[in-house]
Participant: 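Sharing a structure below in structure tokens format, with a few things to ask.
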There are 2 protein chains.
Amino acid sequence: MLPSYDKELQSHGCKVTPQRSLILDILHESLAHTMTADEIVGLAREQQPNISAGTVYRNLNTLCELGLLKCLDSVGDGRHYELNTGHHHHLVCLGCRQRVAIDFCPMNSEVRDLAEKSGFAVEDHNFEIKGYCTKCRAGAKRSPDTNGGMI
Amino acid sequence: MLPSYDKELQSHGCKVTPQRSLILDILHESLAHTMTADEIVGLAREQQPNISAGTVYRNLNTLCELGLLKCLDSVGDGRHYELNTGHHHHLVCLGCRQRVAIDFCPMNSEVRDLAEKSGFAVEDHNFEIKGYCTKCRAGAKRSPDTNGGMI
DNA sequence: CTCTAAATAGTATTCGTTACTATTTAATAA
DNA sequence: TTATTAAATAGTAACGAATACTATTTAGAG
Ligand SMILES: [Mn+2]
Ligand SMILES: [Mn+2]
Ligand SMILES: [Zn+2]
Ligand SMILES: [Zn+2]
């Protein structure tokens with residue numbers, strides 16, 4: 001069952017448009033993974049063929065600002081988006097570039113203290129494990145030594 | 001004292017050019033931090049005013065492939081480069097975007113086992129702590145709520 | 001010094017993303 | 001329901017980081 005984000009949107013003074021709802025639905029369909037803006041445009045056009053790429057980009061930014069989405073980044077594969085389902089990290093496949101949630105967080109008071117010891121005010125953190133998923137282990141599309149040191 | 005990378009370059013069949021040496025020198029000057037390609041171009045032109053941006057980009061890629069450099073990435077601030085001085089992670093300032101080395105690595109056999117339990121072949125990992133450095137804590141240039149959910 | 005493959009400078013091109021603008025539409029109130 | 005209006009959209013233009021291309025230069029070998 002798709003949860004409705006209507007009230008969440010309206011509470012922020014946002015209008016509920018078909019484009020906005022579709023983007024949220026698409027991201028809800030793949031809760032365990034993440035998607036690029038381009039992938040979202042492609043899937044969105046299956047249901048709204050005339051949706052503008054600009055609309056998708058604009059809404060992804062808006063929904064990130066509202067805290068409904070999270071934006072991730074990695075060397076060599078641009079931005080990825082996902083529903084903000086709470087703090088977690090990912091396994092990143094260097095073959096198919098899919099990101100899968102992992103249930104481990106390295107941040108604890110010990111690490112935080114280490115960072116703050118140098119006068120740093122900690123706000124957030126990022127952790128990702130890179131490698132090859134089960135599918136890509138067989139016929140690895142990008143071997144570790146052919147991706148330009150951009151693992 | 002600047003170490004010479006001449007032999008390292010030549011052992012890979014690379015020519016030692018002034019441009020290449022300059023890029024390595026510049027990155028050696030700021031061992032604790034990282035730099036964007038654009039910043040490197042700017043500093044390089046102080047010594048070689050006619051150096052082409054394309055040359056810098058091309059060499060950064062080449063030197064990454066050779067393993068002399070590492071390329072990092074984060075949401076909202078493009079690629080950063082540093083000398084490959086061995087495995088380490090960074091504090092990332094959300095104000096000035098500077099990256100400072102941190103002496104902590106979350107990867108251990110326990111975490112590795114967790115990732116491999118799902119059929120994932122671990123190759124690498126990334127960890128970064130985001131916040132505000134001492135300088136930026138005072139007059140924070142970007143507050144956490146104005147950077148579009150792109151912490 | 002000569003030769004040649006590699007590298008460079010300068011320019012054009014690509015591609016993801018953002019900006020702009022006329023038109024449409026969601027939400028509110030009459 | 002209709003009228004009103006600010007927000008959102010589609011379509012297009014513009015942007016900027018990165019790459020591709022090409023004529024020229026150069027590092028390194030003989
Ligand atoms: Mn996730
Ligand atoms: Mn470093
Ligand atoms: Zn965490
Ligand atoms: Zn590590």
Side-chain angles (χ1 to χ4, degrees), chain A residues 4-24 34-42 44-45 47-66 68-69 71-81 97 147-150, chain B residues 4-24 34-42 44-45 47-66 68-69 71-81 97 147-150:
Chain A
S4 170
Y5 293 94
D6 295 8
K7 286 172 185 167
E8 179 91 29
L9 289 173
Q10 286 172 330
S11 75
H12 286 92
C14 276
K15 291 183 178 177
V16 178
T17 67
Q19 292 86 347
R20 222 160 247 170
S21 300
L22 176 56
I23 290 168
L24 288 165
T34 65
M35 308 181 71
T36 64
D38 204 54
E39 288 169 339
I40 295 167
V41 170
R45 287 193 169 146
Q47 298 189 242
Q48 296 185 21
N50 288 326
I51 193 171
S52 170
T55 296
V56 173
Y57 278 101
R58 182 167 20 78
N59 275 305
L60 289 174
N61 285 340
T62 301
L63 295 170
C64 281
E65 284 167 24
L66 298 190
L68 285 170
L69 302 186
C71 178
L72 317 163
D73 205 4
S74 265
V75 171
D77 200 36
R79 296 177 186 170
H80 279 240
Y81 295 89
R97 292 294 176 180
N147 64 358
M150 292 200 177
Chain B
S4 170
Y5 292 94
D6 296 6
K7 287 173 186 167
E8 179 91 29
L9 290 172
Q10 287 173 328
S11 75
H12 286 92
C14 276
K15 291 182 177 177
V16 178
T17 67
Q19 293 85 348
R20 221 161 248 169
S21 299
L22 177 56
I23 290 168
L24 288 165
T34 65
M35 309 181 71
T36 63
D38 205 53
E39 288 169 340
I40 294 166
V41 170
R45 287 192 170 147
Q47 297 191 243
Q48 296 184 22
N50 289 326
I51 193 172
S52 170
T55 296
V56 173
Y57 278 102
R58 182 167 19 79
N59 275 305
L60 289 173
N61 285 340
T62 302
L63 296 170
C64 282
E65 284 168 26
L66 298 190
L68 285 169
L69 301 185
C71 178
L72 316 162
D73 204 5
S74 266
V75 171
D77 201 36
R79 297 178 187 172
H80 279 242
Y81 295 88
R97 292 294 176 182
N147 63 359
M150 291 199 179

Participant: What pairs of nitrogen or oxygen atoms, one from the protein and one from nucleotides 13-17 of chain C, lie under 3.5 Å apart?
Facilitator:
unit_1 : atom_1 : unit_2 : atom_2 : d
C:dT17 : OP2    : A:Y57  : OH     : 2.7

Participant: For A:T62, enumerate each residue passing the side chain to side chain donor-acceptor pair (under 3.5 Å) test, keeping only those at least two apart in sequence or located in another chain.
Facilitator: none
Participant: In whole angstrom, give the distance that lies between atom CG of B:L60 and atom P of C:dA7.
Facilitator: 15 Å
Participant: The criterion is side-chain contact (heavy atoms from CB on, under 4.5 Å); which residues satisfy it with A:T36, sequence neighbours excluded?
Facilitator: A:D38, A:E39, A:H80
Participant: Are any side-chain N or O atoms of B:R20 and backbone N or O atoms of B:K15, one a donor and one an acceptor, separated by less than 3.5 Å?
Facilitator: yes
Participant: Would you work out how much the helix from C:dC1-D:dG30 to C:dA30-D:dT1 bends between its ends, with each end axis defined by five base pairs, to 10 degrees?
Facilitator: 30°
Participant: Below the 4.0 Å mark, does D:dT9 have OP1 or OP2 next to a side-chain nitrogen or oxygen of A:R58?
Facilitator: yes
Participant: Which whole-number value in Å describes the distance from A:L22 CG to C:dA26 C1'?
Facilitator: 17 Å
Participant: Calculate, to the nearest 0.5 Å, the distance between atoms CG and OG1 belonging to B:N59 and B:T17 respectively.
Facilitator: 5.5 Å
Participant: Which letter, B, S or -, goes with each nucleotide of nucleotides 25-30 of chain D from 5' to 3', with contact meaning a protein heavy atom under 4.0 Å?
Facilitator: -BBS--
Participant: Hey, does A:I40 have a side-chain heavy atom less than 4.5 Å from the side chain of A:Y57?
Facilitator: no
Participant: What is the minimum heavy-atom distance between B:V41 and B:A53, and which atoms define it?
Facilitator: CG2-CA, 4.2 Å
Participant: Please determine whether a side-chain nitrogen or oxygen atom of B:T55 lies at a distance below 4.0 Å from atom OP1 or OP2 of C:dA9.
Facilitator: yes
Participant: Can you figure out which of C:dT8, C:dG10, D:dT9 approaches the side chain of A:Q19 most closely?
Facilitator: D:dT9
Participant: Between B:G54 and B:G13, just flag the one whose closest nucleotide in DNA chain C comes earlier from the 5' side.
Facilitator: B:G13
Participant: Under the side-chain contact (heavy atoms from CB on, under 4.5 Å) rule, collect the residues that match up with B:V16, sequence neighbours excluded.
Facilitator: B:D6, B:L9, B:Q10, B:S21
Participant: Once you round it to whole Å, what is the distance between C1' of D:dA10 and CG of A:N59?
Facilitator: 13 Å
Participant: Roughly, in whole Å, what's the span from CD in A:E65 to P in D:dA7?
Facilitator: 15 Å
Participant: Output all residues satisfying side chain to side chain donor-acceptor pair (under 3.5 Å) with A:R58, sequence neighbours left out; order by chain, then residue number.
Facilitator: A:T55
Participant: A:Q48 has an atom CD; how far is it from atom P of D:dA10, in whole Å?
Facilitator: 7 Å
Participant: Considering just the side-chain nitrogens and oxygens of B:R20, establish if one lies under 4.0 Å of OP1 or OP2 belonging to C:dA7.
Facilitator: yes
Participant: Run the side-chain contact (heavy atoms from CB on, under 4.5 Å) test against A:E8 and tell me which residues pass, sequence neighbours left out.
Facilitator: A:H12, A:L68
Participant: Can you check the B:R45 CZ to C:dA9 C1' distance for me, whole Å?
Facilitator: 10 Å
Participant: Does the B:Q48 side chain pair with the main chain of B:P18, one donor and one acceptor, at a distance under 3.5 Å?
Facilitator: yes
Participant: Looking at every non-hydrogen atom in both residues, tell me the closest pair between B:L22 and B:A44 and how far apart they are.
Facilitator: CD2-O, 3.5 Å
